[in-house]
Chemist: 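Okay, here's the structure, questions in a sec.
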Amino acid sequence: MLEADVLKHATTVLSKQQREQFFEDGYLVAEDMIDDAWVTRLRGAMDDMIEQSRSVTESDASFVLEEGHSPDDPRLRRLSSPVSHHPTFWEFAAQSKAADAAIDLCGPDVKFHHSKLNFKWPKGGQLFDWHQDIQAWPHTDYSPITVGIYLNDCDIEQGPLLAIKGSHKEPLRSMYDKDGKWVLRIDQEDMPENWEQNTAALTGRAGSLVILNCRVIHGSKRNASGQMRPLLLNVYSSADSMPYTFNPIPSDYAGAIVRGQTARTACHDPRGCELPPDWSKGYVGPWKHQATGKESAQTM
Ligand SMILES: O=C(O)CCC(=O)C(=O)O
């Protein structure tokens, strides 16, 4: 669904002003949207998964490990598709205010695409280079959003999401380097004008929703603090927005309608989208692609 049509519907859990802010800036932090009971349940599910990761010795399709990970000292970078691993994560994706917030930004009919639980371990947690998401999972329109929730308080030292205000309105950048290699990263020379002044740190208390437009340029720095930064990310779109490449993080829930009705007609945005590599041949997660040793704009 296109923005103009979304705006014809009343908001449900976000204020009108929050919705306008999202469409203007390309991101939104909605503080304290998720109550303590949910946060406690999600932390419990996360702890179960960290326990399971102790026996994992190499990164695989579920667990992306940070260097130094061991049974005694688990250090995860990502749990891919948490909804596939613990029922609490799917219950949250389908039944919480995260899905309600998606109604306000995608329209009344909302479809689930994929999920991930990104960690930044204390005094570590690799940075995430500047990038845009939609080139990794193109859809027929630009309605997809990522609805994140911090499971711990996240201040500037924990490596919060950083986003460039208004960058979702710019032409998409290429996620390939000059040699045609997929790097999911934007070099300094391709960053928007005045990006440093327009960089927002999306900090928030545990239970805050942090929502990204699929075109907005974003990234994050290392975690300089002694506190872990777990960030649960669920990707939704309007029901009439159709993915046309292989889902990099597939699950039994991909394509599930979490609010409203299935679409009968696809929505097409005339602005085309760069295609990613063929993920049906495997998806290794973003860090492997970004780790080229080349300096990016993230070194601000
Ligand atoms: O976890 C982070 O800090 C960044 C996540 C992100 O940008 C992504 O998954 O696309």
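Indexing begins at 1, ligand by ligand and atom by atom, following the structure's order. Keep in mind the model is a prediction, meaning the values are calculated, not measured.
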Chemist: Please say which of V13, I149, L14 ends up in a side chain to side chain contact (heavy atoms under 4.5 Å, CB included) with L209.
Modeler: I149
Chemist: Check each atom of ligand 1 against the heavy atoms of R78 and keep those under 4.0 Å away; list them by number with element.
Modeler: 9 (O)
Chemist: With sequence neighbours left out, write down each residue that passes side-chain hydrogen bond (donor to acceptor under 3.5 Å, both in side chains) with H168, or none if nothing qualifies.
Modeler: none
Chemist: Do you know the tightest heavy-atom contact between Q227 and Q158?
Modeler: OE1-NE2, 3.6 Å
Chemist: What is the minimum heavy-atom distance between H139 and S241, and which atoms define it?
Modeler: CB-OG, 3.3 Å
Chemist: Going by the order shown, which atoms of ligand 1 are within less than 4.0 Å of some heavy atom of D133?
Modeler: 10 (O)
Chemist: According to side-chain hydrogen bond (donor to acceptor under 3.5 Å, both in side chains), who are the partners of N213, at least two apart in sequence or on a separate chain?
Modeler: none
Chemist: By number and element, which atoms of ligand 1 are closer than 4.0 Å to a non-hydrogen atom of H218?
Modeler: 6 (C), 7 (O), 10 (O)
Chemist: Which of the atoms of ligand 1 are close to H131, meaning less than 4.0 Å from one of its heavy atoms?
Modeler: 6 (C), 7 (O), 8 (C), 10 (O)
Chemist: Which of the atoms in ligand 1, numbered in the order shown and given with their element, are less than 4.0 Å from a heavy-atom of K116?
Modeler: 9 (O)
Chemist: State the atoms of ligand 1, each with its element, that fall below the 4.0 Å cut-off from a heavy-atom position in S220.
Modeler: 2 (C), 3 (O), 4 (C)
Chemist: Search all heavy atoms of I217 against all heavy atoms of R173 and return the closest pair with its distance.
Modeler: CD1-CG, 4.5 Å
Chemist: Quick one: does ligand 1 sit under 4.0 Å from the side chain of R229, the backbone, both or neither, non-hydrogen atoms only?
Modeler: side chain
